[in-house]
Amino acid sequence: MSFTLSDLHRVVTLSHPVVHPEGHGGVAVHQTALPDGSGYCRRILWVAPEERRFLTSGPGDTAPAFGDDGTDLWFVRTQDELGQVYRLPWAGGEAVPVGPRWEGASRVLPLPDGRVVVAAKRPVEGARPEPVWPRHYRRWQWHYDGAGFFEEPTRLYLVTAGTTDVLDDSPYDVSNAVLSPDGISVVYTRLADEAAAATERADLFCVNLTGVPHVERLTEGPVAVGSAAPMADGTIWFYGDDRRFGPATVGQLYRRTPDGHVVRELFGEEWAIGNALSSDTHVPVGPGGPRVAGGFVYGLATWHGTTKIWCRPAAGGGTPEVVDAPDPVVYELGAHEDALLYVSASLEGLDAIHFRSGAGHDIRLTDDNDWAGDTLTATEEIAVTASDGLTIPAYVTGRVSGAHRAAILFVHGGPHGAYGLTPRFDAQVMAQDYTVIQVNPRGSMGYGQAFQDAVRGDWGGADMADLVAVVDQLVAAGDIDGERLYVTGGSYGGFMTSWIVGHTNRFKAASAVVPVTNLVSFYGTSDIGWWFAPGEVGPDLWEDPQRLWKQSPLAYAPNIRTPTQVMAGEDDQRCPIEQAEQLYVALKRFGVDTEFLRYPGSHGFGALSKPTLRQDRLRRLLEWFRTHP
């Protein structure tokens, strides 16, 4: 069996797990498609070994957080694009709105004295304010994919009875806010100034909430700081990278000591920080980063197509150890004292919540996605040896030995993304009629720094050879038909799709989704930053523009003969739609069979947008392939 487009309404995404302070269970965000496919219903779900129930009715409830003593559950309810913080008494009763409505509310941090810190763009009284024209910028960042053009930064606000005060009036977005164990300060990351903004190198900050709140800068580079976890003694654990390998740098684990020294801690040699696996059945909405609980630091790491829970003593020293989990992929993790609550999946099943307390065994608390176990098409993990001896992993869905099936080469984004031991909805739908080939070519995450860096300066070189090597091996085995090959991918996968058809005619048809096609015009127009293309491909635009052009699929458009479908999101700020427009015009210019599909939405419209659009995109992609046998 295999997934059908209608099965998208059966998929349940579970995210943002939070352990109750008493350690006997926790909450998570439960997401399903609305019946009409216009969006999603998100509710707060309580799960424990002996109980499961919905605490809220939705449809836009996210960002759950417990007060320190667990007597209240706080969350954000979004309606009409504005968020409202609610407090739900744990002993029973109705949820009560607290403070104003918010634009862009993303996190709630309840304080022990009943006040609450909210991370949001701005409070809104009455109707949402109209944009001020002209948009006026003197800063590096002026647009963000999924959020649009910059108007107000995400700030920290302290909400008390009848008042709302800004805690940090910096013009830069606050991220990764977390409350200190004593509840008197908030640790977070943001850019310090325009020099840091030029390469988006964030630092660690802290705002003390006793007396008159005051902000303290805790780091001053050179490490770009990510998510953090403070301890009671003033130690702060955090993720970061030193940018030694530009955008291909593997993140590391750091510790800031109480006296201000930053120490890089030992980490797994081939581990990538956090969950780096590509998925369209799980969208993390909870805070990432390390967790300090019960004298240990916990976190996630991607390794060879899996995502592991790791832990190490919070006092520092030693090496991290893997915490066994029943599923190979752990998406998100919550921790408190000796209790863990996490969301995981495998090639045999979609999202499920597991609970572990003390030295006990993991208990599976949800069965929402059990239907998928009998419906998933089998995926096989294989490995191919590249011409230079490098081992290239791949995941093949719908492989039938000797069947000579038509096949789709499905290229992931990044280039520093990764496939793994977890299913994708789109690949499962494709597998109804095709063998789907998902490769982790050099550049993918979870195989060490050398592997991840091997694509820099060589987009379309050895990485394309890796992809072709996997296809060739499956053709040689007689499992797929070498005369019925198709290729697709989004973002960097769209780059590679466009690049492939400019360098070979062996594929019957292609679909380039939100592609990068012109690295010259990509420079400075993408929200990813001007530094990305030079950091990945080579020189700066003004040093060697020909180098960027030669690495652009558009340069080889005169060679394309493969029927090529082009898809893009009209609000895409990551790979702006002009990239797709240029490819489409070039295809028309050179007489190639093509069509251009412009969808509403941002970069992730194909996997993250409303269900009707996701279904339509997949239907049209498969129809394009079917009409080019």
Sequence neighbours excluded - ring pair (Phe, Tyr, Trp, His ring centres under 6.0 Å) pairs with any residue from residues 216-236:
none
With sequence neighbours excluded, tell me which residues meet ring pair (Phe, Tyr, Trp, His ring centres under 6.0 Å) with Y298.
none
Is a side-chain donor-acceptor pair under 3.5 Å present for Y86 with E94?
no
For the backbone of V223 and the side chain of Y254, can you confirm whether one donor and one acceptor N or O come within less than 3.5 Å of each other?
no
With sequence neighbours excluded, residues passing side chain to side chain donor-acceptor pair (under 3.5 Å) with Y342:
D362
Any sub-3.5 Å donor-acceptor pair from T78's side-chain atoms to E81's backbone N or O?
no
Which residues pass the side chain to side chain contact (heavy atoms under 4.5 Å, CB included) test with R243, sequence neighbours left out?
T199, A224, D241
H304/Y447 under ring-ring contact (aromatic ring centres under 6.0 Å, His included): CA gap, chis, key distance, verdict
CA-CA 6 Å; H304 289 228; Y447 302 91; 4.9 Å; yes
Counting only heavy atoms not in E51, do more than 12 fall under 6.0 Å of its CD?
yes
Partners of R77 by side chain to side chain donor-acceptor pair (under 3.5 Å), sequence neighbours excluded?
D61
I need the minimum non-hydrogen distance between M445 and A272, along with the two atoms involved.
CE-CB, 3.9 Å
Would you verify whether the NZ or CZ of R256 falls within 45 degrees of the ring axis of F238 while also being under 6.0 Å from that six-membered ring's centre?
no
S278: partners by side chain to side chain donor-acceptor pair (under 3.5 Å), with sequence neighbours left out:
R424
With sequence neighbours excluded, residues passing side chain to side chain contact (heavy atoms under 4.5 Å, CB included) with L266:
T319
Please, which pairs that meet ring pair (Phe, Tyr, Trp, His ring centres under 6.0 Å) have at least one residue in residues 93-126, sequence neighbours excluded?
W102-Y157
Residues passing the side chain to side chain donor-acceptor pair (under 3.5 Å) test with Y492, sequence neighbours excluded, are D463
Could you tell me which residues satisfy side chain to side chain contact (heavy atoms under 4.5 Å, CB included) with I273, sequence neighbours excluded, listed by chain and number?
Y239, F267
Using the side chain to side chain contact (heavy atoms under 4.5 Å, CB included) criterion, which residues pair with V18? Sequence neighbours excluded.
H16, V27, P64, F66
Checking W90 against W46 for the ring-ring contact (aromatic ring centres under 6.0 Å, His included) test, could you report, in this order, the C-alpha distance in whole Å, the side-chain angles of both residues, the deciding distance, and whether it holds?
CA-CA 11 Å; W90 197 247; W46 166 256; 5.1 Å; yes
Are the side chains of Y188 and S175 in contact, using a 4.5 Å heavy-atom criterion?
no
Going by heavy atoms in the side chains, are S444 and F451 under 4.5 Å from each other?
yes
With the side chain counted from C-beta on, respond yes when R135 and E151 share a heavy-atom pair under 4.5 Å apart, and no when they do not.
yes
Summary of salt bridge (charged side-chain N to carboxylate O under 4.0 Å, His left out) pairs that have at least one residue in residues 199-210, sequence neighbours excluded
R201-D203, D203-R217
Do the side chain of D338 and the main chain of S357 share a donor and acceptor less than 3.5 angstrom apart?
no
Salt bridge K121-E103, side-chain N to carboxylate O under 4.0 Å:
no
Determine the minimum heavy-atom distance between T13 and T281, stating which atoms define it.
OG1-O, 2.9 Å
State whether the side chain of D80 and the backbone N or O of L82 hold a donor-acceptor pair below 3.5 Å, judged by distance alone.
no
Got a donor-acceptor contact below 3.5 angstrom from the R312 side chain to the A314 backbone?
no
